[in-house]
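Quick notes on the structure that follows.
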Amino acid sequence: MAATLRPYQQAAREGIHAQWDGGRLRTLLVLPTGTGKTIVFAKITEDQVRAGDRVLILAHRGELLEQAADKLYRATGLTCAVEKAEQSCLTAWNRVVVGSVQTLMRPQRLAQFDHRYFGTIIIDEAHHAVTDGYRRILDWFGDARVLGVTATPDRGDLRNLGEVFDSLAYEYKLTQAIREGYLCKIMAQTIPLQLDISTVGMSGGDFAAEELGTALDPYLDQIAEQMTHYCRERRTVVFLPLIKTSQKFRDKLNTHGFRAAEVNGKSPDRAKIQADFAAGRYNVLCNSMLLTEGWDCPGVDCVVVLRPTKVRSLYSQMVGRGTRLSPETGKQNLLLLDFLWHTDRHELCRPADLICEDHAVAVQLTDTLAHAAAPQDLEEAVVQASTDVVAQREEALAKQLAEQRRKRARLVDPLQYEMSIQAEDLSGYVPAFGWESAPPTMQQTAALEKFGILPDAVDSAGKASLLLDRLAKRRNEGLTTPKQIRCLERYGFHHVGTWTFDQAARMITRISAGGWRGAPKGVNPKTYTPDFA
């Protein structure tokens, strides 16, 4: 019955306990859809029960509670009491409780519990935890250890979650999961059909669903026609903004030769339709945002997002319905169909946003996809986009450094260092938690100077911490130091951040032997690559 954790799941488990042991009692776990977040928090639950805690697992939908209880039992053998509607856990002997937020958030319900009744609280789909109901529960059990679990959020989501959580215990990226074979490759295809949603208003921070449905109606026939070219041999899920739009699109697809079905929250035969789709009786399943959470059908190998959104966590949930592996169905990859949404707002989520942390790289990749005639492997395409953006930044940086060289002759500008070692996570860093936004400490400033980095250009403690970690890691790995990078780039060498310490030292020795007059004879610094043998 015991489940064996994958390496990244075990690393996540250890990271969570390390945060709690270090005094950060409200921590986050970020795992992409399909990588087994429930298994991880089931093991954390087991750990905490063994340590003597009562554990509360919170979710905002009954289906998620049932799934959590089922997976917990299958992974650990632990059974759960329920705190939902008329069901109460107070008379149960179980050490684990699955609880409905809608029930437990009520003041009269909370008043039945001692403030220390639960020692650990786990929040599934933690991006919902910023709402008042969740906060009321967390405040009542204020001394409890808290774990929030969510799929890949963007930095904006993390800033919001930073109001509730103290730290990020572990993050496993979508690209890592694909590269390591735990999720399937994503092939993105931009369809040259421009859908005008420029007049659609906003509601609750996203596009208004009612207006989206109306705006989509004139395009449904054209979209169905386009899908005939890409989806005939695939098992496809389509996300739409409204039930009536979803039903209308199902009918359009059927007239174009698909075997399409539709499900929504009011469908009495929802379970049967989903089972029939999984069994292949339908090849397209339309829904109005019903299947974003808690529904697994690994055989899905095409996702069509006709519910444009600016919320990356929601976009990731939709695409995540098709990223699971399914060798038994012959699935080779996920095809993600992207449309040219015409909108005055630039924050619309696109396929590039699934794997690009750097905005400039995402813009470059989106442009590449828009002009591609065939589906593109997202992971491969982002490598080229990153290379292009790095080249553009290096050109701009060279001009900037030429102006500032005199002022910064002794210490290395962190931007120069980040560009040289091609660290996009450093150059695109944005503080998420309160402590990260504070100014660098005196100890951090002194340490940066010791490494040869100009501390004046590092504006936050979080950035300083990330930079110091990278500096220490590179030193341990025997890679170039900031001072070596500054020295060699002054003589026109490129990408010195990828050299080893010894390779850089040898070149500096050769330059010194020539009287510091320039690159050694026969060496073109613009094209020189050290011998990595």
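Numbers here are sequence positions counted from 1. Fair warning: this is a prediction, and the values are worked out from it, not measured in the lab.
Identified under the salt bridge (charged side-chain N to carboxylate O under 4.0 Å, His left out) test for residues 324-335, with sequence neighbours left out: D296-R324. Residues in residues 194-210 take part in these salt bridge (charged side-chain N to carboxylate O under 4.0 Å, His left out) pairs, two or more places apart or across chains: D206-R307. For residues 30-39, the set of pairs meeting the salt bridge (charged side-chain N to carboxylate O under 4.0 Å, His left out) definition, not counting sequence neighbours, comprises K37-D124, K37-E125.
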Please evaluate residues E225 and H256 with respect to the criterion side-chain contact (heavy atoms from CB on, under 4.5 Å), reporting the C-alpha separation (whole Å), side-chain torsions for both, the decisive distance (0.1 Å), and the verdict.
CA-CA 7 Å; E225 172 61 31; H256 281 81; 3.6 Å; yes
Side chain to side chain donor-acceptor pair (under 3.5 Å), that's the test. Do E380 and Q384 meet it? Break it down for me.
CA-CA 7 Å; E380 293 178 1; Q384 183 58 52; over 6 Å; no
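For the residue pair D388 and Q392, no side-chain donor N or O sits within less than 3.5 Å of a side-chain acceptor on the partner. At a cut-off of 3.5 Å, with distance as the only test, no side-chain donor of Q226 or Q222 sits close to an acceptor on the other residue. Side-chain N/O atoms of Q48 and T120 include a donor and acceptor closer than 3.5 Å.
Partners of H128 by ring-ring contact (aromatic ring centres under 6.0 Å, His included), not counting sequence neighbours, listed by chain and number: H60. D358 is linked by a side chain to side chain contact (heavy atoms under 4.5 Å, CB included) to A360, V361, R393, E424, S427, counting only residues two or more places apart in sequence or in another chain. Evaluation of the ring-ring contact (aromatic ring centres under 6.0 Å, His included) rule for Y182 yields Y8 as partners, not counting sequence neighbours. When the salt bridge (charged side-chain N to carboxylate O under 4.0 Å, His left out) test is applied to D251, no partner is found at least two apart in sequence or on another chain. Every residue two or more places apart in sequence or in another chain that forms a side chain to side chain contact (heavy atoms under 4.5 Å, CB included) with D367 is listed here: H371. Listed by chain and number, the residues in a side chain to side chain contact (heavy atoms under 4.5 Å, CB included) with D166 are R24, R26 (sequence neighbours excluded). Shown here are the side chain to side chain contact (heavy atoms under 4.5 Å, CB included) partners of S420, two or more places apart in sequence or in another chain: I485, E489, V496. Taking E379 as the reference, R179 meet the salt bridge (charged side-chain N to carboxylate O under 4.0 Å, His left out) condition, with sequence neighbours excluded. Taking H17 as the reference, W20 meet the ring-ring contact (aromatic ring centres under 6.0 Å, His included) condition, with sequence neighbours excluded.
Counting heavy-atom neighbours within 6.0 Å of Q194 CD, excluding the residue itself, gives a total above 12. Within a 6.0 Å radius of CD in Q332, other residues, nucleotides and ligands contribute 12 heavy atoms or fewer.
Remark: side-chain polar atoms of T27 are paired, donor with acceptor, to backbone N or O of A169 under 3.5 angstrom. Side-chain N or O atoms of D301 include none that pairs as donor or acceptor with a backbone N or O of N333 at under 3.5 Å. Within the 3.5 Å criterion, the main-chain N or O of D353 finds a donor-acceptor partner in the side chain of R312.
Note on K473 versus D469: no salt bridge recorded, every NZ/NE/NH1/NH2 to OD/OE distance being 4.0 Å or above. Using a 4.0 Å cut-off between charged side-chain N and carboxylate O, R136 and D132 make no salt bridge. R470 has no carboxylate O lying under 4.0 Å from a charged side-chain N of E418, or vice versa, which leaves the two without a salt bridge. Salt bridge annotation for E83-R109: present, with a cationic side-chain nitrogen under 4.0 angstrom from a carboxylate oxygen. Salt-bridge check for D377 with K185: passed, with a basic side-chain N closer than 4.0 Å to an acidic carboxylate O.
Between A68 and I57, the shortest heavy-atom contact is CB-CG2, 4.3 Å. The two residues G299 and R235 have their closest heavy-atom pair at O-CB, 3.7 Å. Across C302 and L334, no two heavy atoms sit closer than the pair N-CD1, 3.6 Å.
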